[in-house]
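Notes for the one structure printed next.
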Amino acid sequence: MRYISTRDNTIHYSASQAITQGLAKDGGLLTPFYIPKLPGKALDDIKEMAYQQRAVYIMKQFLEEFSVKELTDYANAAYGPDKFDSPAVAPVRTVDGNTHCLELWHGPTCAFKDMALQMLPHLLSASLVKTEEEKTACILVATSGDTGKGALEGFKNVPRTKILVFYPKDGVSEVQELQMVTQEGGNVGVSAVVGNFDDAQTGVKKLFSDKAVCQELERRGYFFSSANSINWGRVLPQIVYYISAYCDLLRDEKIAPGQAVNVCVPTGNFGNILAAYYAREMGLPIDQLICASNSNNVLTGFLREGVYDKNRTFYNTMSPSMDILISSNLERLLFAFTQDTGEVKGYMTQLSETGRYQVSGKVRDRLQARFKGYFCDDTETQRVIRAMFDRHGYLIDTHTAVAFSALDQYRSETGDETPAIVASTASPFKFCASVLEALGETSAAGGLDALDQLSARTGQPAPAPLAGLRDKKVRFTQVVEKDHMVDAVLSLLG
Ligand SMILES: *Cc1c(COP(=O)(O)O)cnc(C)c1O
């Protein structure tokens, strides 16, 4: 299987090159040239398998250079019982007859980023060997919360990698900050940046393109790499859980073979819902892809009108991992719909020059046929959390609530009662304050005491990785100005 840039199809890459490099030199995203189809009886074959085996089967379709033995080792290490608190890894909980919730937060950091970030380090280390890269990968991450911790946990003590995470000093929840500053491992670094997420993100991008810094790195035997969701090694493991969820429903006879389902995903950078689209391209019977946004609803407008316009107010919401105005992975969908790297490049140039682009009528029609966009604000988010808990005794986080609201809106607008799989992306215990408020607790406790308060209110225990933060030592206290991020990099490398 060959990979190309979404902006230039003349250069071909192997899977290991795509994973090592992260981003194409022309700024495009490295993407498979075509999406392989699952063999005819694949779903029947894999429905009896454990999650780890399903992952091997599906990832193998994209990774010819990797042996089944290699992939099996990675899957067992990434999704083992020491990492995930559910033997199903990504269990499906049926909420009512035709609504099924795919829980993606049973991993070590309690958010769905673990599904990919537990696998990526294995793929990256092996890719370094396969591409005969001699240097050590220095992975830089700017995070608004979940990615940073997920990447730290995934890469801790992975040979031939160092990882450094920058988070905005005042832009993450207390639990999220504690998760990061207590991180263990010999190859990790964490630093707060004065400013907001954009400052941290812009700072990281500058480091990547700073020639002097890159030369200094090379002299010390390192090169920069990325663990952000633009890396193909992050999208691929996410395809697995949609196919796995469908197989669970088949196995448990909740759907019939071949029956169509809709999939609803709370969306930020468009990585997670893109993986569902790829699962459909592989042959999974998905009909509609419902894209759920919070008040930062740039995608809702895009999917309805075909106009992407990021020139709008940015809101800090209670679903912060979706507070984003540039959804990077959308570029891969544009390539899938156009098969034309020149057209994609044109849209992306307009986006960077004017903050806006309008797709052709053909692309708009294809978008509208497959994707439905809905959004909701914080008041609605909290109403949904309360209703879900009161009606079904089911506690969900703020991001997942946005998805349930979108599904509700879709169903009442269309009357379409096709069985739906809703992606649940974080443990409610990561966002205690907002969830407690939704449940009517007016004075929420601060810090880790909020975990106890939410447990007391709901009768549900906090996940062990969060409860365990109490006993962890704070290791990182550095706060840098955004112009001094390079100092943090050089001190980590020693
Ligand atoms: C990252 C994240 C999202 C958004 O996922 P994308 O792949 O960026 O669309 C949604 N919910 C949570 C909890 C997240 O951490």
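Both ligands and their constituent atoms are indexed starting at 1 by order of listing. Throughout, residue positions are numbered sequentially from 1 according to the sequence presented.
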[X] and [Y]: side chain donor to acceptor below 3.5 Å:
X      : Y      : value
Gln288 : Lys372 : yes
Ser229 : Asn329 : yes
Ser321 : Asp146 : yes
Gln17  : Tyr3   : no

* Shortest reach to atom 5 (O) of ligand 1 by a heavy atom, considering only Trp105, Phe112, Phe431 -> Phe112
* Determine, considering heavy atoms only, which of Ser424, Gly268, Cys291 sits nearest to atom 4 (C) of ligand 1. =>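 Ranked by closest heavy atom to atom 4 (C) of ligand 1, first place is Gly268.
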* Give the residue and atom name of whichever protein heavy atom lies nearest to atom 8 (O) of ligand 1, and the separation in Å to one decimal. =>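 Among all protein heavy atoms, the one nearest atom 8 (O) of ligand 1 is Asn269 N, 2.7 Å.
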* **Close side-chain approach of Ile273 to Phe371, heavy-atom, < 4.5 Å** => yes
* For ligand 1, which part of Lys113 has a heavy atom less than 4.0 Å away: the side chain, the backbone, both, or neither? -> side chain
* For ligand 1, indicate whether the residue Phe270 contacts it via side chain, backbone, both or neither (heavy-atom separation under 4.0 Å). => backbone
* Asked: Quick check, are the ring centers of Tyr79 and Tyr241 under 6.0 angstrom apart?
  -> no
Near [X], which atoms of ligand 1 are under 4.0 Å from a heavy atom of that residue?
X      : result
Thr267 : 9 (O)
Pro266 : 4 (C), 10 (C)
Gly271 : 6 (P), 7 (O), 9 (O)
Asp146 : 13 (C), 14 (C), 15 (O)
Thr425 : 10 (C), 11 (N), 12 (C), 13 (C)
Asn272 : 7 (O)
Ala426 : 13 (C)

* Asked: If we only count N/O pairs under 3.5 Å, is His399 in contact with ligand 1?
  -> no
* What do the steps show when you test Leu451 against Cys432 for side chain to side chain contact (heavy atoms under 4.5 Å, CB included), and what is the final call? -> CA-CA 7 Å; Leu451 296 174; Cys432 289; 3.6 Å; yes
* **Ion pair check, Glu331 and Arg7, cut-off under 4.0 Å** =>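 Between Arg7 and Glu331 there is a salt bridge, with a charged N closer than 4.0 Å to a carboxylate O.
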* Side-chain donor or acceptor of Gln368 paired with backbone N/O of Arg304 under 3.5 Å ->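 Checking the backbone N and O of Arg304 against the side chain of Gln368, a donor-acceptor pair under 3.5 Å is found.
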* If you measure from each heavy atom of Ser229 to ligand 1, is any distance below 4.0 Å? -> no
